[in-house]
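Indexing begins at 1, ligand by ligand and atom by atom, following the structure's order.
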Amino acid sequence: MNYSEKYTMYAREVLMQKVQMRMSERRFKHVLGVEETAITLAKKYGVSLEKASIAALTHDYAKERPNDEFILVINRDGYDKELLNYGNAIWHGLVGADFVSRELGIMDEEILQAIRLHTTGAAEMSLLDKIIYVADYIEPGRSFPGVKEARELAFVDLDEVVAFETKHTLEHLLMQEQKIYPKTIETYNYWVAN
Ligand code: DGI
Ligand code: FE
Ligand code: FE
């Protein structure tokens with residue numbers, strides 16, 4: 001593999017094990033699927049394979065944390081209190097990135113941003129942000145109507161698949177009468193409705 005020398009196979013193994021200990025087998029399998037897809041996309045779009053690997057391995061690191069840990073951090077660390085009206089779906093990336101930096105020592109701002117944005121997307125997204133957002137959606141373990149089209153699109157035009165994913169996720173949330181986080185709407189307005 002064409003990783004930088006600092007990110008040895010050993011470092012990846014250690015990170016993988018730390019992530020594995022924090023989640024169910026099923027979710028860990030998802031994480032490995034996201035990593036595989038993110039690396040493939042990183043090769044295609046010329047993004048650091050090391051950053052793609054680390055961001056993918058850690059994107060759902062905080063997903064199985066109890067709500068009270070998120071609530072504590074939101075109250076303590078100066079987050080907008082409006083965030084308290086949401087739940088794990090929004091917190092695990094946005095606030096979860098703080099757990100990743102504090103507990104795993106990952107300080108790379110590009111990686112942390114990709115983790116923060118992986119659920120909602122954003123208007124402004126780096127290539128790495130887009131790769132993690134999309135890889136999360138199309139990794140081999142995902143199966144839903146449209147996933148095949150999204151997988152094909154991902155290798156043709158990354159922006160197109162960001163739009164596709166954003167539209168379908170929002171549709172799904174609306175059907176279920178879920179509360180929409182403002183950033184999700186910003187993403188929709190920028191990528192779909194512009
Ligand atoms: O963590 P994963 O399941 O791998 O995937 P994810 O982080 O993309 O999404 C987690 C959940 O968050 C998914 O069911 C969709 C949901 N979600 C995305 N945007 C919003 C949202 N849920 C609410 N309530 N509001 C949003 O704006
Ligand atoms: Fe997630
Ligand atoms: Fe995920």
Side-chain angles (χ1 to χ4, degrees), residues 15-16 18-20 22-42 52-67 69-71 74 79-80 82-100 104 106 111-123 125 128-147 150-151 154 158 161-193:
L15 186 58
M16 248 173 63
K18 286 179 176 166
V19 169
Q20 183 175 33
R22 286 287 182 177
M23 57 187 61
S24 67
E25 234 178 279
R26 188 167 177 271
R27 177 154 289 115
F28 185 60
K29 198 160 172 271
H30 159 71
V31 161
L32 294 181
V34 175
E35 189 204 24
E36 181 192 323
T37 303
I39 288 173
T40 308
L41 291 172
S53 165
I54 297 171
L57 287 177
T58 55
H59 82 284
D60 279 340
Y61 175 71
K63 182 109 178 179
E64 293 184 15
R65 292 297 166 113
N67 285 347
E69 288 192 40
F70 285 111
I71 292 166
I74 291 165
Y79 282 92
D80 188 338
E82 169 64 12
L83 244 195
L84 294 170
N85 297 325
Y86 294 84
N88 177 280
I90 297 300
W91 297 339
H92 80 279
L94 192 58
V95 184
D98 290 0
F99 293 93
V100 170
L104 303 177
I106 289 158
I111 292 172
L112 296 174
Q113 177 171 298
I115 298 168
R116 277 187 208 110
L117 300 183
H118 89 263
T119 304
T120 61
M125 280 194 269
L128 181 65
D129 299 338
K130 291 175 191 171
I131 283 172
I132 299 302
Y133 183 71
V134 167
D136 192 21
Y137 191 65
I138 64 167
E139 61 96 357
R142 296 284 199 206
S143 84
F144 54 84
V147 72
R151 283 185 184 124
L158 195 56
V161 74
V162 167
F164 181 96
E165 171 178 350
T166 301
K167 180 178 170 195
H168 288 266
T169 301
L170 185 57
E171 253 169 22
H172 181 76
L173 293 168
L174 293 174
M175 293 283 273
Q176 296 191 324
E177 300 187 1
Q178 300 252 26
K179 186 181 284 222
I180 311 298
Y181 190 63
K183 194 101 179 167
T184 303
I185 298 174
E186 265 178 48
T187 308
Y188 172 81
N189 285 341
Y190 185 90
W191 291 98
V192 184

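Defined by atom type and a distance below 3.5 Å, a donor-acceptor pair is missing between the side-chain atoms of Asn85 and Tyr181. Checked by atom type, the side-chain pair Ser53/Glu35 shows a donor-acceptor distance below 3.5 Å. Side-chain N/O atoms of His59 and His92 include no donor and acceptor closer than 3.5 Å. In the model, His30 has a side-chain atom that pairs as donor or acceptor with a side-chain atom of Asp136 under 3.5 Å.
Looking at Thr187, Thr166, Thr119 one by one, the single match for side-chain hydrogen bond (donor to acceptor under 3.5 Å, both in side chains) with Tyr133 turns out to be Thr166.
Around the Fe ion (ligand 2), the protein atoms of type N, O or S that sit closer than 2.8 Å are Asp60 OD1, His92 NE2, His118 NE2.
Under the 6.0 Å cut-off for aromatic ring centres, Phe99 and Phe70 qualify, their centroids lying closer than that.
Between the side chain of Trp91 and the main chain of Leu83, a donor-acceptor pair closer than 3.5 Å is present.
The neighbour count for Gln176 CD, taken as heavy atoms of other residues, nucleotides or ligands under 6.0 Å away, is above 12.
A cation-pi arrangement, defined by a distance under 6.0 Å to the six-membered ring centre and an angle within 45 degrees of its axis, is absent between Lys167 and Tyr188.
Classification of Arg27 and Glu64 as a salt-bridged pair holds, one side-chain N sitting under 4.0 Å from a carboxylate O.
Within 4.0 Å of ligand 1, protein heavy atoms come from His30, Asp60, Lys63, Ala89, Ile90, His92, His118, Thr119, Asp136, Arg142, Leu173, Gln178, Lys179, Ile180, Tyr181, Thr184.
Looking only at N/O/S atoms, His30 comes nearest to the Fe ion (ligand 3) through NE2.
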